[in-house]
Amino acid sequence: MKFQINQTEIEMILLTNCSFIPELIEAQKTTCFMACINPKMIPSLFVIQTLLHNILLRNNNLQSNLQSNRMVDNNTTIINNNKEETILNWKTENIHTELIYCLHPKRNIGQAFKDFSAKENQVLCISCSNINVNNNNLNNINLNNNNSGTNLREYLNKFNSDNDSVKMMEEKEEIERYLKENVDVELLCKLFKFSTFEKNTFNLEDNMLTYLTVRDY
């Protein structure tokens, strides 16, 4: 599955019956090629798409201020034409770690990796790359190292050469159906501390996004 947000291309592939998840996660420590997320913690693709949109919007706002010589730090309040503005910068070094950080209800990157990283034999792989890597847009500094033209499937096949049992889901409808059928509702409700009333009456993705969207404000 591929889609585009501004000048960023996002690829997603969901793997099941995957025996090489530890190797994938270990490889990201040096390549930062993708995010390896536990699909049981994602109720729908809309959650991922919305968070990526917010992350890239924050990055664009930051770069706009840097280009206009306005000095900002993380969550810095600045004065612009006598009006205070709060600039929410990224808390991590690249878009893939930022996505995992932003999925967690608490501001703790270590806990985010513990709760949302891939486990068992299934993984939702998400890779982001700048479409125009040769331009002068400062957005390039926070995307991944994927300037070689390698796509996500090619990258995953390097780990999958001897394992024919792995299933790769690349179609949007197939990934969406799997997420909705396999999401761990109880674990997510416990993590986000939703009440019994909320569990019985709410839309999980809407409430999860509402919580995460306002978390840093």
Practice prompt. Please name all residues satisfying salt bridge (charged side-chain N to carboxylate O under 4.0 Å, His left out) with Glu23, sequence neighbours left out, ordered by chain then number.
Written response: none
Fill in: Residues forming a salt bridge (charged side-chain N to carboxylate O under 4.0 Å, His left out) with Arg153, sequence neighbours excluded
Glu170
Worksheet item: Which residues pass the side-chain hydrogen bond (donor to acceptor under 3.5 Å, both in side chains) test with Asn38, sequence neighbours left out?
Response: none
Item to complete: Could you tell me which residues satisfy side-chain hydrogen bond (donor to acceptor under 3.5 Å, both in side chains) with Tyr155, sequence neighbours excluded, listed by chain and number?
Response: Gln28, Thr31
Worksheet item: side-chain hydrogen bond (donor to acceptor under 3.5 Å, both in side chains): which pairs involve residues 44-55, sequence neighbours left out?
Response: Ser44-Glu205
Item to complete: Not counting sequence neighbours, which residues clear side-chain contact (heavy atoms from CB on, under 4.5 Å) with Glu171? List them please.
Response: Glu173, Glu174
Worksheet item: Of all residues at least two apart in sequence or in a different chain, which pass the side-chain contact (heavy atoms from CB on, under 4.5 Å) check with Lys114?
Response: Gln111
Enumerate the salt bridge (Lys or Arg N to Asp or Glu O under 4.0 Å) contacts for [range], please, sequence neighbours excluded, ordered by first and then second residue.
| range | answer |
| --- | --- |
| residues 27-47 | Glu26-Lys29, Lys40-Glu120 |
| residues 94-104 | Arg58-Glu98 |
| residues 13-22 | none |

Discussion item. Testing the basics here: between Leu204 and Pro43, what is the closest heavy-atom pair and its distance to 0.1 Å?
Written reply: CD2-CB, 3.9 Å
Discussion item. If the condition is ring pair (Phe, Tyr, Trp, His ring centres under 6.0 Å), which residues does Phe192 pass it with, not counting sequence neighbours?
Written reply: Phe194, Tyr211
